[in-house]
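Positions are given from 1 along the sequence. Since the model is a prediction, treat every value here as computed from it, not as a measurement.
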Amino acid sequence: MSKTLRLVLGDQLNSNHSWFKTIDDSVTYVMMEIRTETDYATHHIQKIVGFFSAMQEFAAEIQSQQHRVIYIRLNDGNNLQSFEKNIKSLIEKEQFTHFEYQFPDEYRLDEQLKNLCQSLSITSSVCDSEHFMSSRNELGDFFEGKKTFLMESFYHMMRKKHHILMEGDKPLTGKWNYDGENRKKLPKDHKPTPPLVFQNDVTKIVSEIQKTDIKSIGNIDAENFVWPINRKQSLELLDFFATECLALFGSYQDAMTPNEWSLYHARLSFSMNVKLISPLEVIQRAILEWENRPEAIAYHQLEGFVRQIIGWREYMRGIYWNKMPEYATMNYFNNENSLPEWFWTGKTKMNCLKDAINQSLNYAYAHHIQRLMVTGNFALLAGIHPDEVDAWYLGIYIDAIEWVEITNTRGMSQFADGGIVGTKPYVSSAAYIDKMSHYCGSCFYKKAVKTGDKACPFNSLYWNFYDKNEDKLGKNPRIGMMYNVWRKMKPDDKAALLEQAAFYLKNINNL
């Protein structure tokens, strides 16, 4: 009798997958909590708990539909703590005749599972995860023969392909991109909508993790875990975003303010990245809300949201599969410095970094501008090695899975890929942070001061970055203006800025 074993990874919790359309007693699904997955990076405790909680909920859901499920928990006596060992043991013990899996999203696991299948004595096969709106190779095919991979071109193609916000082959309203209208600072007296959070009791999972020597970072309220852990909660969060947040999402998507960790962001990335909900249904729900309330939701709010999902998210995945494994070693600026110790504690006198890091430690979350223009900006200006930056981002954020983390971090944030993802480095002095946030007014450092006591570190590090990398950036047309400013500065002023930057870099753990 034929018996099939199907592996479901922790980020493949898609109950709408064709696998689950029919009940078949000859098919058994296996899911496992294993040390090779908890230990390849130092993860936030909420990230480990989020994955395990969602996996347990998913296993219970498909079991209730009469599917056969083997669920191997972290501390089970028969857990051999790796996919390969557990699968080989199950095949031998249960006499399975065929093994199946879905394409993983990470290169690391893709290689592992291909090698596993080659070593098995039974037949095996692989299928699509049925989640993304583009295939692994679609971006590479689309840009074949091109030197640059412009996201905007890919975004237009995706809109046309899926007929999203289109009139025939033209964009609805006649304009593709409304990014210019989505860069507002939050008004000082504006109180954002309080976020929808959940009160999931995850004390049992936290207790199981505490029985091990798994290293983790960050904090957790185990009786009130705020993140969605199943499809029902994920859809609730999607509805909340559409009805309560979408109307102001675009305007304030880049804004930052102390003590407001959610603002008008959807916070759906964890649910999407583990496939509890799909990008298409997320987009369709947002479009429906806009169609029902066009007088309340301006079009630019919607377009900015759609672009993040079918533009950036799909684009980043395409870059990942086109450029791995080489991408993971790129270091365009040859940066070698270590991450400051306070990236792990939040104990710094810089308000913007203190807020973004403490928020990350408390919620395993920060929005894209906090990641790009605060923590990422500082890491690039400080010349931190991309491996260290990668490890931090991959560990600290609940939505960080390598395919989306590394392209955003090493590419967009650190320019370590030399311009594959971004056409220029995303760096700024204190002026940009002050423009988009309310951090600077009460900071220990002074935003307008470039050198001397209490000078904002971003100011001197900014000019030091451009000076140090002029051989690689001097001819970049998007930043030529900055080099013109730098070259026209008085020699004494330039020397003072570089001296200030050197002092801060030497004393980086005390900033």
Side-chain angles (χ1 to χ4, degrees), residues 143 145-153 179-180 183 315 319 323 326-339 369 371-390 406-436 447-451 455-506 508:
F143 287 113
K146 302 277 174 64
K147 284 186 178 178
T148 54
F149 293 9
L150 195 64
M151 190 283 287
E152 189 69 17
S153 306
D179 193 41
R183 297 171 187 167
Y315 170 81
I319 293 285
K323 297 296 180 184
E326 297 79 14
Y327 202 85
T329 63
M330 290 180 175
N331 186 1
Y332 182 67
F333 295 121
N334 299 312
N335 286 338
E336 294 293 335
N337 293 341
S338 296
L339 209 60
I369 294 298
R371 300 188 201 195
L372 178 66
M373 297 308 300
V374 179
T375 50
N377 182 12
F378 183 87
L380 180 52
L381 293 180
I384 309 301
H385 195 297
D387 286 356
E388 293 211 11
V389 186
D390 263 340
I406 200 170
T407 42
N408 273 289
T409 300
R410 202 172 280 256
M412 181 79 170
S413 169
Q414 298 304 294
F415 205 75
D417 64 2
I420 294 169
V421 165
T423 52
K424 68 178 180 70
Y426 280 85
V427 292
S428 80
S429 64
Y432 173 83
I433 294 169
D434 185 46
K435 179 185 171 188
M436 296 311 302
K447 64 186 180 186
V449 180
K450 295 179 174 61
T451 59
C456 175
F458 277 95
N459 293 333
S460 57
L461 291 176
Y462 176 75
W463 289 113
N464 179 70
F465 168 81
Y466 277 127
D467 179 68
K468 187 176 80 169
N469 296 301
E470 187 167 3
D471 59 327
K472 292 185 172 173
L473 298 175
K475 293 179 181 175
N476 186 317
R478 290 200 66 193
I479 48 179
M481 187 174 71
M482 304 318 299
Y483 278 108
N484 289 338
V485 173
W486 178 241
R487 288 165 192 144
K488 288 174 184 174
M489 272 190 209
K490 293 176 184 174
D492 287 355
D493 291 343
K494 289 166 84 168
L497 282 164
L498 296 178
E499 188 180 337
Q500 184 76 43
F503 174 79
Y504 279 151
L505 290 172
K506 188 178 178 182
I508 198 165

In Å and rounded to the nearest 0.5 Å, what is the [atom1] to [atom2] distance from [X] to [Y]?
X: Ile406; Y: Lys323; atom1: CD1; atom2: NZ; result: 14.0 Å
X: Met412; Y: Tyr315; atom1: CE; atom2: OH; result: 9.5 Å
X: Gln414; Y: His385; atom1: CD; atom2: NE2; result: 11.5 Å
X: Gln500; Y: Lys450; atom1: CD; atom2: NZ; result: 12.0 Å

Answer whether the closest heavy-atom distance between the side chains of [X] and [Y] falls below 4.5 Å.
X: Arg487; Y: Asn484; answer: yes
X: Phe465; Y: Leu461; answer: no
X: Phe149; Y: Val421; answer: no

Please name all residues satisfying side-chain hydrogen bond (donor to acceptor under 3.5 Å, both in side chains) with [X], sequence neighbours left out, ordered by chain then number.
X: Glu499; value: none
X: Asn335; value: none
X: Ser413; value: none
X: Thr409; value: Glu405

Worked check of side chain to side chain contact (heavy atoms under 4.5 Å, CB included) between Tyr466 and Trp486: CA-CA 8 Å; Tyr466 277 127; Trp486 178 241; 5.6 Å; no
Does the side chain to side chain contact (heavy atoms under 4.5 Å, CB included) test come out yes or no for Met489 and Leu497, once each step is laid out? CA-CA 11 Å; Met489 272 190 209; Leu497 282 164; 3.7 Å; yes
What pairs with [X] under side-chain contact (heavy atoms from CB on, under 4.5 Å), at least two apart in sequence or on another chain?
X: Lys447; value: Ala430, Asp434, Cys440
X: Lys424; value: Tyr426, Asn476, Arg478, Ile479
X: Ser429; value: Ala431, Asn459, Tyr462

List in chain and number order the residues that pass ring pair (Phe, Tyr, Trp, His ring centres under 6.0 Å) with [X], two or more places apart in sequence or in another chain; answer none if no residue qualifies.
X: Tyr504; answer: none
X: Phe458; answer: Phe378
X: Phe415; answer: Tyr332, Phe333
X: Tyr327; answer: none

Of all heavy-atom pairs between [X] and [Y], which one has the smallest distance, and what is that distance?
X: Thr148; Y: Phe143; result: O-CD2, 3.8 Å
X: Asn337; Y: Ala382; result: ND2-O, 2.8 Å
X: Trp463; Y: Met482; result: CZ3-O, 3.5 Å

Backbone N or O of [Y] within a donor-acceptor pair of the [X] side chain at under 3.5 Å?
X: Glu388; Y: Leu339; value: yes
X: Asn331; Y: Asn334; value: yes
X: Asn377; Y: Ser428; value: yes
X: Glu336; Y: Gly383; value: no

Assess whether side chain to side chain contact (heavy atoms under 4.5 Å, CB included) is satisfied between Leu498 and Asp467, documenting all intermediate values. CA-CA 8 Å; Leu498 296 178; Asp467 179 68; 3.7 Å; yes
Please list all pairs meeting salt bridge (Lys or Arg N to Asp or Glu O under 4.0 Å) that have one or both residues in residues 410-422, counting only residues at least two apart or in different chains. Asp387-Arg410, Asp390-Arg410
